[in-house]
Amino acid sequence: MTSIPATLEETAAPPADLASLFAGMALIREFEDRLLELRKAGEVVGPVHPYIGQEAIAVGVCAALGDGDSVVSHYRGHGHALARGVDLNGLTAELFGRANGVCGGKAAALIGDPRRNLLMSSGIVGAGIPVAAGAAMTAQVRGDSSVAVAFFGDGALGSGVVHETLNLASVQRLPLVLVCEHNGYQAGNRTEDIYPEVSVLRIAEAHRVRAVAVDGNDVLAVAAAARSAVAAARAGEGPTFIEARTYLTKFHLQFERPSPEVRPPDELAAWLQRDPLTVALTRAAELDIHLSAEPLRAEARARVEQAVQAARSAPWPAAAEVHTHVLAGAA
């Protein structure tokens with residue numbers, strides 16, 4: 001049975017702006033909760049892969065990045081987009097299919113936003129990882145200090161192109177951070193039924209890529225691991241693979257038909273006690289940091305609702321624009 005990891009590598013995490021990190025996680029949570037309501041009501045069409053339960057990873061990693069750094073996401077990408085600073089109104093309008101969406105209403109969940117260096121989101125498992133490596137190589141050739149980050153699930157590690165990328169990144173010492181959001185399942189398949197070991201660190205280590213494990217539900221621990229990885233990349237020390245152990249509160253896919261919940265109830269209950277927002281409050285108490293959770297969640301809820309109302313009244317794309325593919329904000 002997949003369980004909460006008892007021993008993960010600890011990285012010293014100074015008391016960062018925990019309130020800001022919590023606010024970022026709260027925004028993702030409120031957005032995803034509202035999105036599921038809108039899908040059930042038929043206002044948002046198509047499948048939704050919720051990010052609920054993994055917010056600490058997106059927020060913790062993106063907190064370590066600068067504006068010039070590149071990010072590659074996957075099909076569970078709303079959290080990454082919001083953590084990266086993609087406009088909430090533009091993201092919401094995109095999911096409504098409206099013309100003022102981030103990609104003109106044509107991309108739905110699989111967005112890119114060049115204004116925030118969010119290069120792409122892909123429904124093809126593992127497809128974004130070599131794209132992130134390309135961005136890292138571009139930075140290396142140009143001689144600037146930017147890094148590239150690829151988010152992916154543990155299921156992507158079965159893709160051959162991922163191993164090719166790990167090999168290339170290692171040999172070329174690319175400024176690349178690979179963030180494996182290891183939630184214990186690959187769709188409905190348990191990780192231990194797919195791989196010889198539950199931990200996937202050895203896959204990266206086999207390619208001589210620095211690999212670290214972190215509690216993916218602790219935003220301070222994730223932020224510290226990300227800062228270390230980004231600093232190493234900027235210093236020319238090559239790539240880092242971060243295995244962030246986490247769990248989805250809502251299962252893999254929410255669609256018109258009910259998504260089967262295959263996880264044991266006791267396993268789900270144990271992980272729910274370690275919800276990222278709850279863990280952040282616990283860390284605040286440990287560090288003697290005053291953190292008022294409900295006002296931050298209420299503010300996030302209000303922002304999301306304002307974005308929903310704006311999207312409802314936004315125009316649809318013009319018929320003449322149906323076949324265009326230019327991302328909003330692209331030169």
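Please read all numbers here as calculations on a predicted model, not as lab measurements.
- Under a 4.0 Å N-O distance rule, the pair D275/R29 qualifies as a salt bridge.
- Formation of a donor-acceptor pair under 3.5 Å by the D113 side chain with backbone atoms of L118 is not found in this model.
- Residues G97 and P317 share a closest heavy-atom pair of O-CD, 3.2 Å.
- With hydrogens and angles disregarded, a donor-acceptor distance shorter than 3.5 Å links the side chain of N217 to the backbone of R274.
- L277 and V279 fall into different hydrophobic clusters, where Ile, Leu, Val, Met, Phe, Trp and Tyr side chains are chained together by heavy-atom contacts under 4.5 Å.
- We find the CZ-CG distance between F241 and L166 to be 7.0 Å, quoted to the nearest 0.5 Å.
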Set out, in order, the CA-CA distance, both residues' side-chain angles and the distance that settles side-chain contact (heavy atoms from CB on, under 4.5 Å) for T92 and F31, then state yes or no. CA-CA 9 Å; T92 307; F31 180 84; 3.4 Å; yes
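- Note that OG1 of T246 is 4.5 Å distant from CD1 of I57, once rounded to the nearest 0.5 Å.
- Using a 4.0 Å cut-off between a side-chain N of Lys or Arg and a carboxylate O of Asp or Glu, E37 and R34 qualify as a salt bridge.
- Under the 3.5 Å distance criterion, the side-chain polar atoms of T240 are left unmatched by any main-chain donor or acceptor of R210.
- A salt bridge between E43 and R312 is present, with a side-chain N of the basic residue lying under 4.0 Å from a carboxylate O of the acidic one.
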Could you go through E294 and R301, starting from their C-alpha distance and side-chain angles, then the distance that decides it, and tell me whether this counts as salt bridge (Lys or Arg N to Asp or Glu O under 4.0 Å)? CA-CA 10 Å; E294 188 47 41; R301 199 172 303 122; 3.6 Å; yes
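- Taking every heavy atom of both residues into account, S121 and S73 meet most closely at OG-CB, 3.5 Å.
- To the nearest 0.5 Å, the span separating CG on L291 from OG on S20 amounts to 11.0 Å.
- To the nearest 0.5 Å, atoms CG (L174) and OG1 (T165) are separated by 9.5 Å.
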Please report the C-alpha distance between N100 and E94 in whole Å, then the side-chain angles of each, then the deciding distance to 0.1 Å, and finally whether the side-chain contact (heavy atoms from CB on, under 4.5 Å) criterion is met. CA-CA 7 Å; N100 61 329; E94 184 62 37; over 6 Å; no
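- Looking at every heavy atom in both residues, A81 comes nearest to L91 through CB-CD2, 4.4 Å.
- In this pair, H80 and H74 present their aromatic rings perpendicular. The plane angle is above 60°, beyond the 30 to 60° band.
- Atom CZ of R303 is surrounded by 12 or fewer heavy atoms from other residues, nucleotides or ligands within 6.0 Å.
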Pair S122-Y75, side-chain contact (heavy atoms from CB on, under 4.5 Å): steps then yes or no: CA-CA 5 Å; S122 176; Y75 56 80; over 6 Å; no
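- Going from atom CD1 of I289 over to atom CZ of R283 covers 8.5 Å, rounded to the nearest 0.5 Å.
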Test Y51 against H78 for side-chain contact (heavy atoms from CB on, under 4.5 Å), laying out the working first. CA-CA 7 Å; Y51 197 69; H78 310 139; 5.6 Å; no
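- Surrounding CD1 of I124 are at most 12 heavy atoms belonging to other residues, nucleotides or ligands under 6.0 Å away.
- The minimum heavy-atom distance between P276 and A56, with the atom names listed, is CB-CB, 4.0 Å.
- A chain of hydrophobic side-chain contacts below 4.5 Å, direct or via other Ile, Leu, Val, Met, Phe, Trp or Tyr residues, connects Y247 to L272.
- Rounding to the nearest 0.5 angstrom, the gap separating the CD1 atom in I52 from the CG atom in L36 is 5.0 Å.
- Formation of a donor-acceptor pair under 3.5 Å by the N167 side chain with backbone atoms of E164 is not found in this model.
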